[in-house]
S.K.: 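Let me give you the structure first, and then I'll get to my questions.
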Amino acid sequence: MVNDYLKKFEFNYESSATGSFLVVSTDAGENVLLYQVEMLASNPNKNILPLDIRQKDAKYNFYYNITSKLALSQYLKRNKLKRNDFINIFKDITKTILSAKDYLLSDRSFILNEDYIFIDPNTMDVSLVYLPLNIENNVNEQLKNFTMNFIMFSANIEENNSDNFLQRILNLLKSDTFNILEFNKLLNDLEAESGMPKPVVQNPAVSEQNVPLQASPTPAPPKPNIPGQDIPKTSVPKPQTPKPGPVRPNVPKTAPQGQVAQRPSKPVNTNEKTVVKMKYKTSVIIIGAVLQAVIVIGSVALLASGAMDSLGNEPIVNILGIGILAGAISYALWKTILNEKNKVETVTKVVEKPAPRPQINMEKRNFTTVPNMPNVPPRNNTPSQPEYNFNNAGNARNPLNETTVIFPTHVEETVYLGTSNSYPYLQGTVNGVTEQIIINKPSFIIGRLKSQVDYISQNNAVGKVHAEIISRDGRYFVKDLNSKNGTFVNGVRIAANTEYEIKNNDKITFANSEYVFIIP
């Protein structure tokens, strides 16, 4: 079975003032490769999660920083993958595995499981979990099984292209000679055929990482010295690696892996297209116009000269006769001129209008001016949990994220936008105006990234994809989605990626935006 090797590890999630973490625990008897931990710390890689190691209760705990990232399985629940998104995700995965040996890492130590592969919802960059252990896996078999399961069961993938890219991938997966190099080459070919390089998303100047809460900092515990893990240091020549080269510790040299082709850079203007059209030569059109003018002038002169009077016809008959003759000559003239031989190619550039941005389908909300807020239950603080000083930091409007305004300009006016009826809702106050967030879906996402959430917050301290409200069998749960500033239930911060049941009148806080959960 694929991922059977993961059964000997424990997976948990923790949150602190510094962010959200995936914690992978294993027995202290495992041979931890400390030089690989040092290599990852010295050479950050956006496609490998940052790693910290701690020892506690006869276990090694590997801490991976997943702040502001989504588990790939969470992303797939709500998004239909387009062709290029699928290609980019697997190019990130194969590129990272193939370049592992350049960093003295093992290509067998990456976890290929959609629950433990993380994606930045803003840039679509993929980050993998790397275990600095000796793991005996067949990387080709592991990647083959993961990709097959991803296509068949995990993802909803669009197949409206004429190249049958999924069938081509499945044919390779079914081949007895499947290997990661061939898979990476096919992905590069598919990307080249599409002509659509991975877009470079500009990160906004203001984000949740720039608006931290004013809370007592919790320093991370120092790394303990792990006995028995000294690595023999020998002087070896530094292998050549792609620039910028990583700073290598003194460890035995490994064979460098070939570089993986990088994605082409983003074009300057993706909306500009070159159009080739066929047009008649200007000189031919001018000659035709001159001859046409000669025919008209000659016809008028012939009538004016009186030469047609000798025929003894009525004047009207003479006019019709000359008109018919002139028309026949003109037709023969333009038929001769307007042929394919007199056409030339012209190249023009057309700038297309950008496609309209997708609109978020959000439930209408009530905004009601009230003299006083209803009584809110006091916080249930526990001695083991730090108390955070909430303030108005991060409530400034962020035009770079195009945040939707959720309250009216005139606070004395009551604006009716709907009714919650039987739906539960979150109720809070902004500038003296009561705001209701109606939870009208079994999975309801709150955050700032318009394309990924059901409710768009204008508070910059709230994460891009901050938290999820889940309705199941008449019960309700809240789950923090690896946000930086955290989610709190009755004043206590909850761990990331873990469901916590919430009940009527519970106080729910996203960063420093406070709400009361109401079940009608």
S.K.: Between atom OG of S73 and atom CG of D115, what is the distance when rounded to the nearest 0.5 Å?
M.R.: 4.0 Å
S.K.: Give the ring-plane orientation class for F150 versus F90, where under 30° counts as parallel, over 60° as perpendicular and anything between as tilted.
M.R.: perpendicular
S.K.: Does a donor on one side chain sit under 3.5 Å from an acceptor on the other, for Q452 and N122?
M.R.: no
S.K.: When you compare the side chain of N497 with that of L22, does any pair of heavy atoms fall below 4.5 Å?
M.R.: no
S.K.: Looking only at heavy atoms, what is the nearest atom pair of K144 and L173, with distance?
M.R.: CE-O, 2.5 Å
S.K.: Do F477 and I469 make a side-chain contact, defined as non-hydrogen atoms from C-beta onward lying under 4.5 Å apart?
M.R.: no
S.K.: Between CG of N79 and CG of N156, what distance do you get to the nearest 0.5 Å?
M.R.: 10.0 Å
S.K.: Heavy atoms only: give me the nearest V462-S513 pair and the separation to one decimal.
M.R.: CG2-OG, 4.1 Å
S.K.: Taking atom types as modelled and ignoring hydrogens, do the side chains of E514 and T509 form a donor-acceptor contact shorter than 3.5 angstrom?
M.R.: no
S.K.: Measure the spacing between CG of D480 and CZ of R493 and express it to the nearest 0.5 Å.
M.R.: 6.5 Å
S.K.: Determine whether a donor-acceptor pair (N or O, by modelled atom type, separation under 3.5 Å) exists between the side chain of S457 and the backbone of N459.
M.R.: yes
S.K.: Please assess N43 against Y103 for the test side-chain contact (heavy atoms from CB on, under 4.5 Å), listing each intermediate value before the final yes or no.
M.R.: CA-CA 8 Å; N43 302 278; Y103 294 87; 3.9 Å; yes
S.K.: Do the rings of F510 and H466 sit parallel, tilted or perpendicular, given the 30° and 60° boundaries?
M.R.: perpendicular
S.K.: When you measure from the side chain of D107 to the backbone of L98, do you find a donor-acceptor pair of N or O atoms at a distance under 3.5 Å?
M.R.: no
S.K.: Looking at every heavy atom in both S471 and I439, which two are closest together, and how far apart are they?
M.R.: OG-CG2, 4.4 Å
S.K.: Determine whether the aromatic ring centres of Y476 and F517 lie less than 6.0 Å apart.
M.R.: yes
S.K.: Between R83 (side chain) and L190 (backbone), is there a donor-acceptor pair under 3.5 Å?
M.R.: yes
S.K.: Can you confirm whether more than 12 heavy atoms, excluding those of K59, are under 6.0 Å from its NZ atom?
M.R.: yes
S.K.: Measure up the Y130 and F110 rings against each other and bin them: parallel (under 30°), tilted (30 to 60°), perpendicular (over 60°).
M.R.: perpendicular
S.K.: With distance as the sole criterion, is a donor-acceptor pair present between the side chains of N138 and Q142 under 3.5 Å?
M.R.: no
S.K.: Begin from the C-alpha positions of I48 and L40 and carry the test side-chain contact (heavy atoms from CB on, under 4.5 Å) through to its verdict.
M.R.: CA-CA 8 Å; I48 302 178; L40 289 173; 3.9 Å; yes
S.K.: Would you find a donor on one side and an acceptor on the other, under 3.5 Å apart, between the side chain of T67 and the backbone of S20?
M.R.: yes
S.K.: Any side-chain heavy atom of M124 sitting closer than 4.5 Å to one from Y75?
M.R.: yes
S.K.: Taking all atoms of both residues into account, what is the closest heavy-atom pair of T18 and S16, and its distance?
M.R.: OG1-OG, 2.8 Å
S.K.: Got a salt bridge between E468 and K479, using NZ or NE/NH1/NH2 to carboxylate O under 4.0 Å?
M.R.: yes
S.K.: Quick one: does any side-chain atom of N504 pair with a main-chain N or O of I519 as donor and acceptor, under 3.5 Å?
M.R.: yes
S.K.: Could you verify whether a donor N or O on one side chain and an acceptor N or O on the other, from N47 and S127, lie under 3.5 Å apart?
M.R.: no
S.K.: What are the two closest non-hydrogen atoms of A496 and S15, and how far apart are they?
M.R.: N-OG, 3.0 Å
S.K.: Quick check against the 3.5 Å criterion: does N184 have a side-chain atom that pairs as donor or acceptor with the backbone of T94?
M.R.: no
S.K.: Would T123 and D125 satisfy side-chain hydrogen bond (donor to acceptor under 3.5 Å, both in side chains), going step by step from the backbone distance to the final call?
M.R.: CA-CA 5 Å; T123 63; D125 287 328; 3.1 Å; yes
S.K.: Verify, without hydrogens or angle tests, whether T487 (side chain) and I494 (backbone) share a donor-acceptor contact under 3.5 angstrom.
M.R.: no
S.K.: Between Y13 and F21 (judged by ring centroids, cut-off 6.0 Å), do the two rings come close enough to count as a pair?
M.R.: no
S.K.: Show your working on side-chain contact (heavy atoms from CB on, under 4.5 Å) between I66 and L49 and close with a plain yes or no.
M.R.: CA-CA 7 Å; I66 56 174; L49 289 172; 3.8 Å; yes
S.K.: Without swapping roles, check the side chain of N482 against the backbone of S68 for a donor-acceptor pair under 3.5 Å.
M.R.: no
S.K.: So which heavy atom on P121 is nearest to which on L70, and how close?
M.R.: CB-CD1, 4.2 Å
S.K.: Could you tell me whether the side chain of I97 reaches within less than 4.5 Å of the side chain of L112, counting heavy atoms only?
M.R.: yes
S.K.: How long is the gap from CD1 on I53 to CG on L34, to the nearest 0.5 Å?
M.R.: 6.0 Å
S.K.: May I ask you to decide whether D52 forms a salt bridge with R54, counting only side-chain N to carboxylate O separations under 4.0 Å?
M.R.: yes
S.K.: Under a 4.5 Å cut-off applied to non-hydrogen side-chain atoms, are K464 and V453 in contact?
M.R.: no
S.K.: Ion pair present between D454 and R78, side-chain N to carboxylate O less than 4.0 angstrom?
M.R.: yes
S.K.: With a 4.5 Å heavy-atom cut-off, do I157 and L166 have their side chains touching?
M.R.: yes
S.K.: Hey, could you give me the CD/OG1 distance between E435 and T429, rounded to the nearest 0.5 Å?
M.R.: 8.5 Å
S.K.: Taking the side chain as C-beta and beyond, is there a heavy-atom pair between I93 and V126 under 4.5 Å?
M.R.: yes
S.K.: How far does CG of N84 sit from CD of E158, to the nearest 0.5 angstrom?
M.R.: 10.5 Å
S.K.: Give the C-alpha distance, both sets of side-chain angles, the deciding distance and a yes or no for side-chain hydrogen bond (donor to acceptor under 3.5 Å, both in side chains) between T434 and Q427.
M.R.: CA-CA 7 Å; T434 298; Q427 181 169 292; 5.3 Å; no
S.K.: Got a donor-acceptor contact below 3.5 angstrom from the S99 side chain to the T96 backbone?
M.R.: yes
S.K.: Report the C-alpha distance between D27 and Y60 in whole Å, list the side-chain angles of each, state the deciding distance to 0.1 Å, and finish with yes or no for side-chain contact (heavy atoms from CB on, under 4.5 Å).
M.R.: CA-CA 6 Å; D27 293 335; Y60 288 142; over 6 Å; no
S.K.: Using modelled atom types only, decide if a donor and an acceptor are shared between the side chain of R108 and the backbone of V139 within a distance under 3.5 Å.
M.R.: no
S.K.: Tell me whether the centres of the aromatic rings in F9 and F62 are closer together than 6.0 Å.
M.R.: no
S.K.: Is the closest side-chain heavy-atom distance between L81 and L76 below 4.5 Å?
M.R.: yes
S.K.: May I have the step-by-step check of ring-ring contact (aromatic ring centres under 6.0 Å, His included) for F183 and F178, ending in yes or no?
M.R.: CA-CA 7 Å; F183 188 31; F178 172 85; 5.8 Å; yes
S.K.: Go through the structure and list residues passing side-chain contact (heavy atoms from CB on, under 4.5 Å) with K503, not counting sequence neighbours.
M.R.: E501, D506
